[in-house]
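Below: one structure, written as structure tokens.
Count residues from 1 along the sequence. Values below: every heavy atom of this structure, side chains too, minus hydrogens, waters and symmetry copies. Each ligand, and each atom within it, is numbered from 1 in the order the structure gives.
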Amino acid sequence: MSKPRGILIVISGFSGAGKGTVVNELVKDKDAYALSISMTTRAPRPGDAEGVTYFFVSREKFEETIEAGGLLEYAQYCDNYYGTPKAYVESQLAAGKNVILEIEIQGALKIKDQFEDAVLFFITPPSIAELERRLRSRGTETEEVIKKRIERAAEEAKGIESYDYLIINDKLDECVSNIKNVVAAAKTAPKRNRQFIDELRAELGTCLKGE
Ligand code: 5GP
């Protein structure tokens, strides 16, 4: 019987919530998960790699891609553009992979409008004191950038109720298995298995006719 379409998964959360680590754990299961690589105009940070963490482009190139309809969504965050290239997401979903978008809230809300079946997770650290500690321990951001990110966190906190699930990233293993459990449960919804149900019914019909 045929493989159902993958689930579109949105993961948002404050900068410093540990989203990247959670996502890295999920994509270790390459058969089940694919990570969408975003396009951005922000400068690469230490540890970033072209085509791995982001596609780094100029504002001009980004705006051209918007014009050409090449992005599923995009947003401005701390003075830079970030967006999700459309083609990869579409092809991976069709291949039955669960596609992860690690994006901020404006983008998450646009995805929710376009894909009613998307599953949206908001990840937080256990406390704001822990968030500040994690941001400083990265050692890659200036105090000004840290302040901007905390201001942004206060903005994003206003939108938590728009998400389907709130995941507290205290223990990584628990956090990852909570997400996997939600995805596994979502997969069982009849609306995501229409083709399978049609095939079952067709087989039952055949069986009843004694063929
Ligand atoms: P960072 O600069 O720390 O890598 O990312 C800043 C924020 O941009 C994070 O909240 C991240 O989730 C978000 N982001 C990354 N890629 C995208 C994208 O394609 N679209 C949107 N809307 N946000 C993104």
Side-chain angles (χ1 to χ4, degrees), residues 8-27 34-59 61-66 68-90 92-93 99-115 118-125 128 131-132 134-160 162-163 165-167 169 175 179:
L8 188 55
I9 297 169
V10 171
I11 297 194
S12 300
F14 309 137
S15 176
K19 285 168 298 183
T21 318
V22 170
V23 168
N24 286 342
E25 284 300 310
L26 291 171
V27 296
L35 175 63
S36 159
I37 310 293
S38 297
M39 188 179 270
T40 185
T41 58
R42 93 149 155 71
R45 288 197 294 247
D48 273 326
E50 169 65 22
V52 178
T53 48
Y54 283 105
F55 297 106
F56 295 96
V57 298
S58 62
R59 284 190 88 82
K61 168 81 183 156
F62 198 101
E63 284 165 1
E64 270 169 34
T65 313
I66 298 173
L71 299 176
L72 270 189
E73 61 72 37
Y74 68 93
Q76 299 237 24
Y77 179 95
C78 297
D79 306 329
N80 282 301
Y81 275 130
Y82 294 79
T84 304
K86 194 184 274 180
Y88 178 81
V89 173
E90 299 286 3
Q92 295 296 304
L93 287 176
V99 180
I100 301 174
L101 310 184
E102 198 227 294
I103 62 179
E104 53 65 70
I105 188 165
Q106 303 166 62
L109 296 179
K110 288 183 202 156
I111 293 293
K112 195 175 169 179
D113 280 349
Q114 285 177 65
F115 298 84
V119 181
L120 280 69
F121 294 94
F122 193 92
I123 302 192
T124 71
I128 296 307
L131 177 74
E132 265 193 285
R134 289 184 194 174
L135 279 173
R136 292 217 158 79
S137 71
R138 274 185 186 173
T140 55
E141 320 276 18
T142 61
E143 276 303 309
E144 195 198 331
V145 170
I146 291 175
K147 185 165 173 268
K148 261 195 179 169
R149 287 180 180 244
I150 291 176
E151 280 167 10
R152 181 69 192 216
E155 264 315 296
E156 295 204 331
K158 294 181 190 159
I160 295 177
S162 306
Y163 287 76
Y165 299 96
L166 173 66
I167 304 279
N169 184 14
C175 176
I179 294 175

Quick one: is the NZ or CZ of Arg42 closer than 6.0 Å to the six-membered ring centre of Tyr82, and within 45° of its axis? no

Salt bridge or not between Glu156 and Arg152? Use side-chain N to carboxylate O under 4.0 Å. yes

Parallel, tilted or perpendicular: which one describes the rings of Phe122 and Tyr163, with boundaries at 30° and 60°? perpendicular

Think Lys61 forms a cation-pi with Phe56, using NZ or CZ under 6.0 Å from the six-ring centre and within 45 degrees of its axis? no

Quick one: do Glu132 and Arg136 make a salt bridge, cutoff under 4.0 Å? yes

Closest non-hydrogen atom pair between Ser12 and Val10, with its separation: OG-CG1, 3.9 Å

Under 4.0 Å from ligand 1, residues with heavy atoms, in chain and number order, are Lys19, Ser38, Arg42, Arg45, Tyr54, Glu73, Ala75, Tyr77, Tyr82, Gly83, Thr84, Glu102, Ile103, Glu104, Gly107, Arg149

